[in-house]
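First comes the structure, then the notes that go with it.
For clarity, every value in this text was computed on a predicted model and none was experimentally measured. Every heavy atom of this structure was used, including side-chain atoms; hydrogens, water molecules and symmetry mates were not. Count residues from 1 along the sequence.
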Amino acid sequence: MTIKRLVLIISTVIAVGLATLSLVSSWQKPQFQSRLELYQTNIALQAQAWQPEDGDNLQVIRQAILEDQPLENATKQYQEAQISVQANLDKVEKQLAQLSSQPKITTPAKPLPQETVDTNASPEVTRQQLQQSLKQQQQLLGELDLRLGILQVQQGQQDLALKTWGKLQQPTLNTEFQDTATVLSGIWSNPPRILPNAQQLIQKNLDGWFRNTALIQLYQLQQRQESLAAVTAAQQSAASQAVFKLTLIGTIPALAALIGTILLIFLLTQRLLKGKEALLAQNGDLVWTTPWDGETILQVFVVGFFFMGQIFVPLLLSLLPIPRPIVGVRLQAVSVLISYLFVAVGALSVMYFSIKRFFPLPRLWFKLQLRDNWWVWGLGGYCTALPIVVVVSLINQKLWQGQGGSNPLLQLALESQDGVALGIFFSTAAIAAPLFEEILFRGFLLPSLTRYLPVWGAILASSLLFAIAHLSLSEVLPLTALGIVLGVVYTRSRNLLAPMLLHSLWNSGTLLSLFLLGSN
């Protein structure tokens, strides 16, 4: 055995071990989908206040767009979120209690991450991280209770709402949350009580539909007709905008999913009736001539992809004289893009030098041809992927129960309302990612695996590795499903532009939906 092969084997074992640890640790993190559902609930609540002026025609549109029983559905979502946050809070408190029993070691304070806890850190640093996580969970629980009480009182459950707000009168919670809960309890009590700073607290600690609802109740009690008219008009304006956003978020993907479902049924039926003459069987048995072996495949992915992305590039960026932590959404967006480009250039460079000795490559490798029907495969693949991934995601949600972690870029995009930052995020997710990942996973990995597996086996294996590479347990099943569609589109079109288009459309649609939801 050569030294190179021994180093590659050891590196592969290390990479597999670290990837496994990352996947296991992601189990402790909440799914992004849980936060996204609350944003969707908030925009639906905002939209349900819309009262169109143009008679029956717009009322029909209103009924078609808005869901039935929005208050009841929102209450259910907030109660589920409340249970999830309380479970995380109990877990953090338990970890702090266990840590408190250990000897306290004084170490210099270090910058703390916003969400994760480094289990390899010293006890004192871990304690600081847990305390910050505890504070964040308590604040989130307080926000949920404030809003849940308003939902309850709007459904006539006044006693239950007062009980919910009463839970916020704990000394460990944010004082402003306590005061806001007292304000809300007062204006919905019988007889009502109005604190002098009620308006300021409501405006500061509530937003969207919840803020408008509380202000309307306050202004009615104070008999401030001008303020009441202004907030009612503002609520109607916000509601009409929310309806427009819901239309974009729901109608376009739903229409694409419908087209995709019809297309999928057609393709499967044609495959059954026509066999190998069907579109879905096109190029299905056409294999690549792969001049390199498994050692080269491992070299590209272990050294080029994993070590570049997880060790070398993070280490290189940590040595740069950049103020940390990085604050400001634009700087965060630039940081994400630069990091991604470094990883992409590094991985593609390793791939190039690994296969350079086999140039010129056999036919079909890394085919990029503009004069082709690649856009039909890319667009059709996007529509087909929508219903497939949605069904898999629903199953996945039941399986992981809101845990399993998510891509941190999604959270940044959701909370970013900066056009420049969004443009940078778009460059990363909708341009850089499709180019790099499709060249690596569909252009290199999938054809390379056909040396050892049939085409369908190579599609499955490359899709699974594509999903695992994102290092979030909750995303493995949905991304595997998406990877399968990407693999089928590539093997049938034999043009990398097709999966690149599909991938770009998928990420673009996700970013647009997040931006619209976050702007509510």
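- Of all the heavy atoms in Leu45 and Pro70, the pair that sits closest is CD2-O, 4.0 Å.
- The side-chain heavy atoms of Lys76 and Glu80, taken from C-beta on, include a pair separated by under 4.5 Å.
- Between atom CG of residue Leu386 and atom CG of residue Leu255 there is a gap of 10.5 Å, rounded to the nearest 0.5 Å.
- Side-chain contact between Leu464 and Val476 is present, with heavy atoms from C-beta onward closer than 4.5 Å.
- The shortest non-hydrogen separation linking Pro387 to Gly260 is CG-C, 4.2 Å.
- Residues Gln235 and Trp209 form a side-chain contact, since some pair of their non-hydrogen atoms from C-beta on lies under 4.5 Å apart.
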Might you work through the side-chain contact (heavy atoms from CB on, under 4.5 Å) test for Leu201 and Leu206, ending with a clear yes or no? CA-CA 8 Å; Leu201 286 168; Leu206 293 170; over 6 Å; no

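- Gln220 contributes no side-chain N or O that, together with a main-chain N or O of Leu228, makes up a donor-acceptor pair within less than 3.5 Å.
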Determine whether Leu486 and Phe441 satisfy the following criterion, side-chain contact (heavy atoms from CB on, under 4.5 Å), listing intermediate values before the conclusion. CA-CA 10 Å; Leu486 286 164; Phe441 286 95; over 6 Å; no

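- With hydrogens and angles disregarded, a donor-acceptor distance shorter than 3.5 Å links the side chain of Ser504 to the backbone of Ala430.
- Side chain of Gln217 to main chain of Ile187: a donor-acceptor pair is present (N/O by atom type, distance under 3.5 Å, no hydrogens or angles).
- With hydrogens and angles ignored, the 3.5 Å screen pairs a side-chain donor or acceptor of Arg211 with a backbone N or O of Gln203.
- Remark: side-chain polar atoms of Thr182 are paired, donor with acceptor, to backbone N or O of Gln178 under 3.5 angstrom.
- For Leu258, the side-chain contact (heavy atoms from CB on, under 4.5 Å) criterion is met by Ile262, not counting sequence neighbours.
- Closest approach of Pro478 and Ser474 over heavy atoms only: CD-O, 3.6 Å.
- Phe466 CZ to Ile484 CD1: the interatomic distance, rounded to the nearest 0.5 Å, is 11.5 Å.
- The shortest side-chain heavy-atom distance between Leu477 and Ile395 does not fall under the 4.5 Å cut-off.
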Starting from the C-alpha separation in whole Å, work towards a yes-or-no answer on side-chain contact (heavy atoms from CB on, under 4.5 Å) for Ser240 and Gln236. CA-CA 6 Å; Ser240 63; Gln236 280 300 300; over 6 Å; no

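- From Gln222, atom CD reaches atom CD of Gln199 across 7.0 Å, with rounding to the nearest 0.5 Å.
- For the residue pair His470 / Glu475, no side-chain donor-acceptor distance below 3.5 Å is found, with atom types taken as modelled.
- Counting all heavy atoms, side chain and backbone alike, Ile150 lies closest to Trp165 at N-CZ2, 3.5 Å.
- The backbone N or O of Phe210 lies less than 3.5 Å from no partner atom in the side chain of Thr213, so there is not a single donor-acceptor pair.
- Note that CD1 of Ile202 is 5.5 Å distant from CG of Leu184, once rounded to the nearest 0.5 Å.
- Atoms CG and CD1, from Leu221 and Ile216 in turn, are 12.0 Å apart once rounded to the nearest 0.5 Å.
- Scanning all heavy atoms of the two residues, the minimum distance from Gly149 to Thr164 falls at N-CG2, 4.0 Å.
- Here the shortest heavy-atom pairing between Gly381 and Val489 reads CA-CG2, 3.9 Å.
- Within the 3.5 Å criterion, the main-chain N or O of Ala181 finds a donor-acceptor partner in the side chain of Ser185.
- Put simply, the residue from Thr41, Asn42, Asp145 that forms a side chain to side chain donor-acceptor pair (under 3.5 Å) with Tyr78 is Asn42.
- Of the inter-residue distances, the one linking Leu195 atom CG with Leu218 atom CG reads 10.0 Å to the nearest 0.5 angstrom.
- The closest side-chain donor-acceptor pair between Tyr219 and Glu226, if any, does not fall under 3.5 angstrom.
- Between the side chains of Asn73 and Gln77, not a single donor N or O lies within less than 3.5 Å of an accepting N or O.
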Give the intermediate values and the outcome of side-chain contact (heavy atoms from CB on, under 4.5 Å) for residues Glu143 and Phe177. CA-CA 8 Å; Glu143 292 175 358; Phe177 283 0; 3.4 Å; yes

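- For residues 197-210, the salt bridge (charged side-chain N to carboxylate O under 4.0 Å, His left out) pairs, not counting sequence neighbours, are Arg147-Asp207, Glu176-Lys204.
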